[in-house]
Number of protein chains: 2
Amino acid sequence: MGTENRRQREREARETLFIEKAHELIRSEGLLALQMSRLAAACEYATGTLYQHFNSKEDLLAAVATRTTRQRAEVFRRIPRLPLGTRSRMLAMVLADIDFAQTNPDYYRLTQFVTTEVVWASTSEVRRDELLEAAQPISEAVTAIVSEARANQDLPLAQELGEEEMGLGPWALNTGMQTLANAQGLLDAYDIHRPYEHLIRHTHALLTGWRWEPRIDPDEPSVVRAETERVRAVLREYIPEANP
Amino acid sequence: MGTENRRQREREARETLFIEKAHELIRSEGLLALQMSRLAAACEYATGTLYQHFNSKEDLLAAVATRTTRQRAEVFRRIPRLPLGTRSRMLAMVLADIDFAQTNPDYYRLTQFVTTEVVWASTSEVRRDELLEAAQPISEAVTAIVSEARANQDLPLAQELGEEEMGLGPWALNTGMQTLANAQGLLDAYDIHRPYEHLIRHTHALLTGWRWEPRIDPDEPSVVRAETERVRAVLREYIPEANP
DNA sequence: CATGGGATTTGAACGGGGTTCAAATCTTGG
DNA sequence: CCAAGATTTGAACCCCGTTCAAATCCCATG
């Protein structure tokens, strides 16, 4: 039945419209100002139609976060294939993500809000799974690089730590820095500026602490800067969308 | 005017009552279930009275977070004086905080929610400043230890990095791990368990990467475990409230 | 081309809960 | 003891998010 098929496609197109418009509204007016009725109006549909797609506002927000996470994951998916050593590829992820955070300033805030228990609890199981699934490639990319590093002996074969658990460190460091950087006035209060530069240096410290070769001393600014520049150049060449 | 004085004290007592009761309700029924009218009723006051103290619900939540942050800071304030090397005291902070997170399971969630832009934007300037101020001793404690470590040569004298910026690494790592650990089902989805154990190991990696002496290889589980136990014992002895 | 019934869309009405504010109550100075 | 100011009260208000009965659309069928 061709009709069925077309209707399905139209339905999906409409869902995409809702999600994109919502993202646009969030970007321009902030998360606070987003109202279901206004979103519907902006898309030229009735409020009720929105609820054919999302069973709550939180659900919609989760869908927006999922969409952007997929874009983010796309960049990560390609990093393992860059012509760089394993350690530099690990750094490439951090750099790509710093760029992503800067071109999508609301993304981390939105994700943080959505994964907050209060909100998370009012999203549907399906949406939650979709968001987790969208992030999967990121974890896979990290895991792949850690595996390769161990195979190469760039990284000692740890006795107990799984690949995912190894990747958890940079992941947590990154997440934490994003959280701190996003909390209005927090870092300013401690007179800390350029959090992302510190993220890079602390990432080097972390990797060096795990004896990930070739080791880079986080305390040598010129070496760190040179490595950052080198990796950025490769990123620019092979993944121009992530223009760091 | 003695009367003025007493009224002021009574007012403060009432504010404390509101904050404590709110915390209690959050603990028992969750953040979602907290309602201004029910809180007022539970304290045997009218709803309007609440608004004499907090100019919005978000303001109240910020106040609750501030109160708990002060308790958390109290533990941190005492750590610099523990009879341990600088590096072990740094670890002591992480351990104390892991314990704090476990005895106050809602604290991180609440803080995360409050510092989310959407909520943060609807709190009053005063409350925001109070929350930042409450956290100040934590940063001071970290700074003090970093300073001492440099003075001792436990930590190389970095050219560019301020003490606060040095402490930013463990701080971000810690914050990030708490965020990840709190996102329902996230770590499970990647088959990662016992996040706090990993936090400890990654913290060692980070400190070792900065060449903080005496270096500990994060990849030697027995050494890591012994150090954890040693520091925990000191914590138990000197700061029993933080019973790790 | 007309028709009817199921599917979809609509948007006004509903409901819950945060916030307000006029009336009630209390406090205090004379 | 009274009056005026300060404080407290809680019902009413209002702003959304959500629902659902009515309107509209779609399309298979005769």
Side-chain angles (χ1 to χ4, degrees), chain A residues 1-19 21-22 25-26 29-64 113-114 116 118-124 127, chain B residues 1-19 21-22 25-26 29-64 113-114 116 118-124 127:
Chain A
M1 200 159 275
T3 315
E4 263 313 293
N5 216 303
R6 181 195 44 124
R7 306 205 99 219
Q8 183 57 27
R9 260 185 296 119
E10 282 174 358
R11 200 190 142 77
E12 272 162 30
R14 195 172 64 179
E15 183 152 321
T16 306
L17 170 69
F18 286 147
I19 294 174
K21 197 61 140 196
L25 285 176
I26 291 171
E29 301 177 20
L31 203 45
L32 258 178
L34 186 72
Q35 288 172 224
M36 297 303 266
S37 55
R38 291 218 276 148
L39 171 60
C43 296
E44 301 185 288
Y45 280 99
T47 315
T49 310
L50 265 180
Y51 286 83
Q52 298 276 338
H53 294 265
F54 313 103
N55 52 38
S56 69
K57 186 179 180 178
E58 286 78 11
D59 233 43
L60 165 69
L61 293 179
V64 175
F113 185 64
V114 169
T116 275
V118 193
V119 180
W120 196 244
S122 12
T123 54
S124 63
R127 295 285 173 193
Chain B
M1 202 160 276
T3 315
E4 263 312 293
N5 217 303
R6 180 193 45 124
R7 307 205 99 220
Q8 183 57 26
R9 261 184 296 120
E10 281 173 0
R11 199 190 144 78
E12 271 162 29
R14 194 172 64 180
E15 184 153 320
T16 306
L17 170 69
F18 286 146
I19 293 174
K21 197 61 140 195
L25 285 176
I26 291 171
E29 301 177 20
L31 203 46
L32 260 177
L34 186 73
Q35 288 172 219
M36 297 302 268
S37 54
R38 291 219 276 146
L39 171 60
C43 296
E44 301 184 287
Y45 279 99
T47 316
T49 310
L50 266 180
Y51 285 84
Q52 298 276 337
H53 294 265
F54 314 103
N55 52 38
S56 69
K57 186 179 182 178
E58 286 78 11
D59 232 44
L60 165 70
L61 293 179
V64 175
F113 186 64
V114 169
T116 276
V118 193
V119 180
W120 196 244
S122 14
T123 55
S124 62
R127 294 286 173 194

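Below, chain A is the first sequence line, B the second, and so on; all start at residue 1. Fair warning: this is a prediction, and the values are worked out from it, not measured in the lab.
In the helix from C/dC1-D/dG30 to C/dG30-D/dC1, the rotation axis of the first five pairs and that of the last five pairs differ in direction by 10°, rounded to 10 degrees.
Per the geometry, CG belonging to A/Leu60 stands 15 Å off C1' belonging to D/dC16, to the nearest Å. For the pair B/Arg11 CZ and C/dC26 P, the interatomic distance rounds to 19 Å; values are reported in whole Å. Rounding to whole angstrom units, CD of residue B/Glu10 and P of D/dT7 are separated by 12 Å.
For the pair A/Arg7 and C/dA7, the criterion of a side-chain N or O lying under 4.0 Å from OP1 or OP2 is not met. When the side-chain nitrogen and oxygen atoms of B/Thr49 are compared with OP1 and OP2 of D/dT9, one or more of them lie within a distance under 4.0 Å.
Taking every heavy atom of both residues into account, B/Leu50 and B/Met36 meet most closely at CD1-O, 3.2 Å. Annotation for A/Phe113 and A/Leu31: closest pair CD2-CD2, 3.8 Å, computed over non-hydrogen atoms. The shortest heavy-atom contact between B/Thr123 and B/Ala62 is CG2-CB, 4.0 Å. The two residues A/Leu32 and B/Ala121 come nearest to each other via the heavy atoms CD1-CB, 4.1 Å.
When heavy atoms are screened at a 4.0 angstrom cut-off, A/Arg14 is found touching the sugar-phosphate backbone but no base atom.
Side-chain contact between B/Arg11 and B/Gln52 is present, with heavy atoms from C-beta onward closer than 4.5 Å. You'll find the side chain of B/Val114 stays beyond 4.5 Å of the side chain of B/Val64, heavy atoms only. Between B/Leu60 and B/Leu39, some side-chain heavy-atom pair lies under the 4.5 Å cut-off. Between B/Gln8 and B/Glu12, some side-chain heavy-atom pair lies under the 4.5 Å cut-off. Side-chain atoms of B/Phe54 and B/Ile19, non-hydrogen and from C-beta on, do get closer than 4.5 Å to each other.
Against DNA chain D, the stretch residues 34-48 of chain B makes heavy-atom approaches under 4.0 Å through B/Tyr45, B/Ala46, B/Thr47, B/Gly48. Of the residues in residues 50-59 of chain A, those with a non-hydrogen atom less than 4.0 angstrom from any atom of DNA chain D are A/Tyr51, A/Ser56, A/Lys57.
Within 6.0 Å of atom CD in B/Glu44, 12 or fewer heavy atoms from other residues, nucleotides or ligands are found, so the atom counts as exposed in its surroundings.
The aromatic rings of A/Phe18 and A/Tyr45 stand perpendicular to each other, their planes meeting at an angle above 60°, with 30° marking the opposite boundary.
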